[in-house]
Structure formats: structure tokens, C-alpha cells
Protein chains: 2
Amino acid sequence: MARIDDIDKQILDVLIENTRTPFTDIAKRLNISAGTVHVRVKKMEESGIIKGSSLTVDYEQLGYTFIAYIGVFLEKTSQTQFVISRIKEIPFVTVAHITTGKFNIFCKIRAQDTTHAKKIIFLLDDIEGVSRTETMISLEESINDKKRLLHKVFQDL
Amino acid sequence: MARIDDIDKQILDVLIENTRTPFTDIAKRLNISAGTVHVRVKKMEESGIIKGSSLTVDYEQLGYTFIAYIGVFLEKTSQTQFVISRIKEIPFVTVAHITTGKFNIFCKIRAQDTTHAKKIIFLLDDIEGVSRTETMISLEESINDKKRLLHKVFQDL
DNA sequence: GGTGAAACTTCTAATAA
DNA sequence: TTATTAGAAGTTTCACC
């Protein structure tokens with residue numbers, strides 16, 4: 001666990017909510033100087049705690065309305081890394097985990113529609129070492145909130 | 001599908017990679033003026049295509065090393081919305097979908113360790129209407145790249 | 001470490017094309 | 001719709017606590 005103090009945590013909290021919050025604003029809120037905010041952010045960037053920033057985009061408006069989770073079964077566990085490397089080549093697979101339990105690998109895909117999704121799933125099925133896949137289509141993305149966790153990062157359950 | 005043109009797409013592409021890229025930089029790359037970038041970004045914010053921005057944080061460094069996916073089985077489908085509303089109250093559930101297939105609801109949790117995860121899973125199990133849950137622990141997050149999709153948003157398969 | 005102020009860069013909004 | 005421009009705002013550096 002990186003050693004960051006309470007000020008750092010508060011800075012993170014603000015920037016997680018909105019990356020573009022001016023340092024001068026943050027400084028005012030936390031009663032420190034903008035220079036201090038700047039130095040601390042820079043340090044967290046250097047230490048890798050802050051990995052980058054990204055826009056939150058409305059995929060639906062861009063025509064990407066289809067989300068599914070796909071469990072992947074392998075013929076042999078030893079093929080895991082190979083299959084992962086092949087999955088990385090498929091666009092629209094946005095998340096993939098090696099998991100315990102039912103599946104060997106577990107992915108999330110985002111596609112335009114069912115036809116598009118079918119193509120992606122077929123690509124997955126065709127990877128050497130994949131015995132079969134199991135698809136769970138999302139009917140509604142009820143929670144998807146990076147901020148949810150992040151605001152709670154330092155809160156106990 | 002929102003009507004955005006090629007310039008908009010290119011602006012999105014840059015900002016998705018790094019929200020803090022100066023508009024003057026983007027302007028140079030695309031051979032347009034910074035004012036134009038500004039106007040276009042503003043429009044995309046107003047239309048909701050740009051929903052916000054967030055820091056990408058290294059959770060591992062913050063002590064959150066445990067990721068699991070949890071499939072939730074309900075006693076009756078009619079309880080779905082109620083259960084979702086209860087799940088929303090649980091911190092550390094970062095994603096939840098209503099799905100077809102095996103499970104009724106499908107969540108992702110991020111926790112500090114197994115003890116912490118156990119508490120979260122027990123909270124889920126205790127929700128009225130939940131008959132049981134099935135946990136898949138992530139051994140490795142091999143792909144988690146918002147940028148992966150985003151850069152490909154306008155690419156065909 | 002933190003501050004405050006100066007120097008520099010970027011943003012924004014209004015105007016003009 | 002896009003470009004220009006000037007004033008406002010934000011960032012960064014640095015000498016000094």
C-alpha cells in the first residue's frame with residue numbers, strides 16, 4: 001500500500017469525480033496552496049497511483065448498445081495465457097479476467113447490436129484451446145460507477 | 001446515434017486517451033483552431049456524449065487487490081428492481097447488470113482482501129429475494145482497457 | 001515538506017469572416 | 001460553422017519559510 005496521506009486522498013477524491021477540477025479550486029477546498037496540490041498530484045503520477053485520466057463517454061449515443069459477459073471454458077488450463085493473448089487481439093473485448101470457479105476466463109464485450117456481438121463471440125469461440133463459451137446478455141446496466149468505489153476507497157465496510 | 005462528425009471523433013479519441021490534453025494541442029494535431037475544439041467539446045458535453053471525466057487510479061497501490069464477479073440468483077424475477085436498489089447501497093459493488101442466462105443479476109466487486117470480500121458477499125446473500133450467489137474470483141485482470149474499445153469505437157470488426 | 005507571487009500557458013467568449 | 005483575438009483563468013516554478 002502506497003503511503004499517501006489524508007490530503008492526497010482528498011485530492012484524489014476530487015479528481016476522480018472530475019479530472020478537470022482546477023488545482024486552485026481544490027486548494028481552496030482543502031485550505032492549501034495550488035502549488036501544494038500540484039506537487040502532490042505530480043508525486044502520485046510519478047508513483048503510479050494516478051495512472052491517467054479518461055473521458056466518460058455515453059456509448060449508447062455512439063451506437064454501442066449491447067453489453068454481454070462471456071464465460072470461456074478451456075480445454076486445458078495451460079492454454080490460459082495463450083488464449084488471453086489472442087483475446088487481446090479482439091476489439092470490443094473491454095475486460096478479461098482469469099478466474100476461479102465455473103469459467104477459466106471471463107470477459108466483457110461491448111458491441112453495436114446482436115449481429116455485431118455474434119461476430120465477436122464467434123471470434124472467441126474460434127480461438128485454439130477454447131472448448132466453449134457461455135454468454136450472459138446484459139438487459140440493463142444498473143450500476144456502473146467508478147466513482148462509487150473510488151469515493152469509498154478509504155471507507156470501511 | 002448522435003450525429004457527430006469525423007473531427008468530433010478525433011477530438012474524443014484524444015481526450016479519451018488523456019482528458020487533460022490542452023485544446024491547443026488537439027487543435028494543432030487536427031489543423032483546426034483551439035476555439036473550434038472548445039465549441040465542439042462543449043456541444044458534446046451538452047448533448048451528453050461526454051458524460052464526464054475521471055482519474056484512472058491504481059487500486060492495487062491503494063490496497064484494493066481483490067476483484068470478484070458474483071452471479072446472483074433470485075427467488076422471483078419480479079424482485080429484480082428491489083434487489084438492485086439494495087445492491088446499490090453496498091459500497092464496493094462497482095458494476096451490476098440485469099442479465100439473461102444463468103444469473104438474474106451479475107455484479108463486480110472490488111475489495112481489499114478475502115475477509116473484506118466475504119463481508120460484501122454476505123451482504124449480497126442477505127438481501128431479501130436473493131436465493132443464492134455464485135462467486136468467481138479474479139486471479140488476474142488481464143485486460144481492463146476503456147481505451148481499447150474507445151479507440152475502436154468507430155472501427156468495424 | 002509548504003507558501004505566495006511572478007511568469008507562463010491555456011481557456012473562453014465575443015466578434016468577425 | 002470556423003477563425004481570431006483579447007481578457008480571464010489555471011498551472012508551474014522558485015525563492016523563501
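Residue numbering restarts at 1 for every chain, and letters A, B, ... go by the order of the sequence lines. Since this is a predicted model, take the numbers as computed values, not measurements.
- Proximity of the aromatic rings of B:Phe66 and B:His116 is defined here by a centroid distance below 6.0 angstrom, and this criterion is not met.
- Taking a heavy-atom distance under 4.0 Å as the criterion, the stretch of DNA chain C touched by chain A extends 5' to 3' from C:dG1 to C:dT3.
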For side-chain hydrogen bond (donor to acceptor under 3.5 Å, both in side chains), just list the numbers for A:Ser53 and B:Asn18, CA-CA rounded to whole Å, side-chain angles, deciding distance to a tenth of an Å, and then say yes or no.
-> CA-CA 5 Å; A:Ser53 62; B:Asn18 176 8; 3.2 Å; yes
If a protein heavy atom is under 4.0 Å from the base, mark B; if only from the sugar-phosphate, S; if neither, -; do that for nucleotides 10-17 of chain D going 5' to 3'.
-> SBSB----
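- If you measure from atom CD1 of B:Ile11 to atom P of D:dT1, you get 13 Å, rounded to the nearest angstrom.
- Of the possible donor and acceptor atoms, one in the side chain of A:Asp8 sits under 3.5 Å from a partner among the backbone N and O of A:Asp5.
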List the steps and the verdict of salt bridge (charged side-chain N to carboxylate O under 4.0 Å, His left out) for A:Glu89 and A:Arg86.
-> CA-CA 5 Å; A:Glu89 293 165 10; A:Arg86 297 296 310 280; 3.3 Å; yes
Please tabulate, for the side chains in residues 72-82 of chain B, all donor-acceptor contacts under 3.5 angstrom to protein atoms that are two or more places apart in sequence or on a different chain.
unit_1: B:Gln79; atom_1: OE1; unit_2: B:Lys76; atom_2: N; d: 2.8
unit_1: B:Thr80; atom_1: OG1; unit_2: B:Thr77; atom_2: O; d: 2.4

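- At least one donor-acceptor pair under 3.5 Å links the side chain of A:Ser54 to the backbone N or O of B:Ile16.
- Within the 6.0 Å centre-distance limit, the rings of A:Phe106 and B:Phe106 are counted as a close aromatic pair.
- The closest donor-acceptor contact from the side chain of B:Thr65 to the backbone of B:Gln112 lies under 3.5 Å.
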